[in-house]
Amino acid sequence: MSFQLDIEDLIDLARGAALLGTGGGGDPYIGRLLVESAIERHGPITVLTVDELADDAIIIPTAMMGAPTVMLEKIPRGTAALEALRGLEKHLGVTAQATMPIECGGINSMIPLTVAAMAGLPVVDADGMGRAFPELQMETFSVYGVKASPVAVAGDGDELAIVDTGEDNRQAEWLARGLTIRLGGASCTALYTMTGAEVKRTAIPGTLSLCLELGRSLRVARESHSPILEALSATLAQSEYRHLRKLCEGKVVDVERRTERGFTIGRASVTPFDGSEDIELTFQNEHLVARRGSQVLCIVPDLICVLDVETGEPITTETMRFGQRVTVIGISTPDIMRTPEALKVFGPSCFGLDDPFVPVEELRAVLTGV
Amino acid sequence: MRIGIDVGGTNTDAALVNGETVVKSTKCTTTADITHGIEESLTTLGGGFDPTQLEGVMIGTTHFVNALIQGRGLNPTAAVRLGLPSTAALPPMVAWPPRLVDAISGRGYLCHGGHEFDGRPISSLDHAELVQVAEDIGERGIKSVAITSVFSPANAEFEVEAASIIQSVLPEASISLSHEIGRMGLLERENATIINAALRDLADNIMSGLIACLGRHGITAPLYVSQNDGTLMDVEYARKYPVATFASGPTNSMRGAAFLSGKDTCIVIDIGGTSTDVGVLHNGFPREATAEVQVAGIRTNFRMPDVLSIGLGGGSVVHGQYDDLSVGPDSVGYEVAKLALVFGGDTITATDIAVACGRADIGDKSLVAHLSDQFIDRAMRAIDESVRATVDRVRTSSEPLPVVSVGGGAILMSDQIPGCGPVLKPNNYAVANAVGAAIAQVSGDVDRLFAIEPGARERILDEAKQEAVDRAIAAGAEPGSVQIVDVEEVPISYLPGNASRIRIKAVGDIMSVRERSANSGVGVRA
């Protein structure tokens, strides 16, 4: 059933999106403020479930692209995502009947909502990652045969480029990334134009509502002083994500982070409170792998999330800093993202990691000897 | 000898400290013009010291943060942001409580400028635009300006240039620049800069008042102000950066509690007249809040101690009788000395409960003799339970930590908290925050560009940390006590050689007087 998204929902939604953003996806606070101001000016947003889409409806997803470290400083002008959508409509000679997130995480759960509010379009409760990934070919849309091209890339200075690489989604990422770097490391895109039937076949449904539910259960647990991880675990257990594992609790003792190749790239070390060996996190916008020494604790496409130890508030890779006290958790990704075809698009080897993918629920069992 | 003074919202406390000894202390009511309370404290302490022989007077105050919370005494402020065409979606003061925007007659100006992450300008600075903005600011009678440019922690040139343009039109204006105040994160840094700008006149008046006040007492020793992290800044710095004092209150009371109790890892419960702050001290350092900290409803990214506050204090009003009984959060505040039963008033306060159950012996005990044992017991349990629950929330492990109770309201505390063990109430507990100000720490800072060759990062960071530690020691810190409290690395992508701006802060306890050579002064942030 479709539902209306109001300003009151946004805090929960942004928090849940920050969690599934697995460290990336861009600052959820800025994302939330962007939607708040769009709703204030244009009214509430209609969210459609996947099964409400007509098979021949045209859906054009929208997103921001680039390095979260940039978005934290160079806040968007706010108009570029709609310009990308309009540019792509004009190029294709079509009119979008809805927009949709390509990833669920941080700012990119929010950008389509700003477009929806400004254009008076509904937004689809689904996405193509079920989390956040750094590159635009890392989509279930890609895995199951939808073209990213043509991709519209828009900048804050009224720039607009159309990138068409045919079937090659990896090449589309490469060229659009180049444009994004020229635009200062952040841009807005419209891409993966598809029909309602294609959305039903390739998208991960219900992820906007899941973000809302996760954010809500986190808030309720905090307000009632009940254990936050238990609350999140219970919500996830009802979803495709099923497992949550605590990897460690400790203090951030080192963060090495650069804006490079259009991404936020780096690593962080966490010294556990129990005095055990440091945990090292490696990230490219999103967390890719958590290791203790040579032992892998959780690896992409499973989700690694860093939370404030007291409040459970998700901490993004661009705001991690020395001295923060954090809980690091692993969350199992939905089965649709663990198939051999899916791992070819966003498994460990796609990020230059030599370690094989092993589900977090199995890795953690080895670690604790359970 | 040093004098520590804590100017709280209710009380002004002062302590004369000689090395490790608290020689004399005093507590009086904070006045609207805070210098009167300080004047009174110095008069009370007078005779205990030779004013020409003091090493320093250290003032910790919540006055500036209270001014913000209450929205009083603030400058009309203009916020100039350099970043167009970007950033327009979220203008300055977005998401501020409207009441505070009004309180500073806040005006936001979006202008061209700002840098990309790689050092290119987003757009060049528009001289004419800034002159026009400055003229508009002038016409509105605004005299305090906050300037924030995109990526200024990596490249401050536009902020500096814009300041000189605005200053040339408005020679009287005081200008706060964001790169001197905050870290990466445009909105949070801009917020801190605007708050700072709004406090400039107040800071100026108070600093001038304080200097005059010391002069009247013949004190020639330098005056210092406590910063958020427990270190000191001198008066000129405090005039320019009042926002750096915001969290000094809880920091001072925690450090004072550690000093008085001899426990450097403990939970500190600071009970005042109206509220109770609970925080954790680890190896002498307050545990920091991790997430962004809201101050008066405004988001900032300062390093702040992680403190939980509840509405319980000596003046808290006891409501109800039976199952409906509650204590606070309303309080009679400093009027407890007039309104509480034990002082002949007619309001049942937490202090009356403490006297009735024998925890405290102040006022006239016979005036609470009529309270039933059941009522007293219920109220006592309500007080203990809210403290226990708060202590429980600040603990991160089940490991038992010593609990130290300080502040004028510490008389409310029992000797035991279930599950937490005994509660220590050290000598001079009532003025722990003034003692904390007096024993302020010294810091060593490193903030400059480093070229980081491949594989050399760890070595360079270690060397920079060592340099910060050495500077802290050179400034008077006891070598064994120095810790690194902050490390920030900002890659400067537009410079060759993998350059990074590295900022490190090391902080340590001031070496006690007898360990130091006679001629060294108090170290302070330059």
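Throughout, protein chains are lettered first and strands after them, A, B, ... in sequence-line order, and every chain is numbered starting at 1.
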Practice problem: Verify side chain to side chain contact (heavy atoms under 4.5 Å, CB included) between B/Phe117 and A/Glu260, making sure each step is shown before the conclusion. | Solution: CA-CA 10 Å; B/Phe117 78 96; A/Glu260 230 171 68; over 6 Å; no

Whatever's closer than 4.5 Å to a heavy atom in chain B on A/Thr69 counts as backbone

Whatever's closer than 4.5 Å to a heavy atom in chain B on A/Val255 counts as backbone

Taking 4.0 angstrom as the limit, do [X] and [Y] come out as a salt bridge?
X	Y	result
A/Glu256	B/Arg457	yes
A/Glu73	B/Arg189	yes
B/Asp486	A/Arg321	no

Give, for atom [atom1] of [X] and atom [atom2] of [Y], the distance between the pair rounded to the nearest 0.5 Å.
X	Y	atom1	atom2	result
B/Leu90	A/Glu36	CG	CD	9.5 Å
A/Arg77	B/Leu110	CZ	CG	11.5 Å
A/Tyr29	B/Glu188	OH	CD	7.0 Å
A/Thr319	B/Arg183	OG1	CZ	11.0 Å

> Donor-acceptor pair, A/Arg325 side chain versus B/Glu288 backbone, under 3.5 Å?
Replying inline: yes

*Is the backbone N or O of A/Arg182 less than 3.5 Å from a side-chain atom of B/Arg120, with the two atoms forming a donor-acceptor pair by type?*
yes

### Message
Does A/Leu33 form a side chain to side chain contact (heavy atoms under 4.5 Å, CB included) with B/Leu187? I'd like the steps, not just the answer.
### Response
CA-CA 11 Å; A/Leu33 294 186; B/Leu187 291 181; 3.9 Å; yes

Note: B/Ala499 and A/Arg258 closest approach over all heavy atoms is O-NH2, 3.4 Å

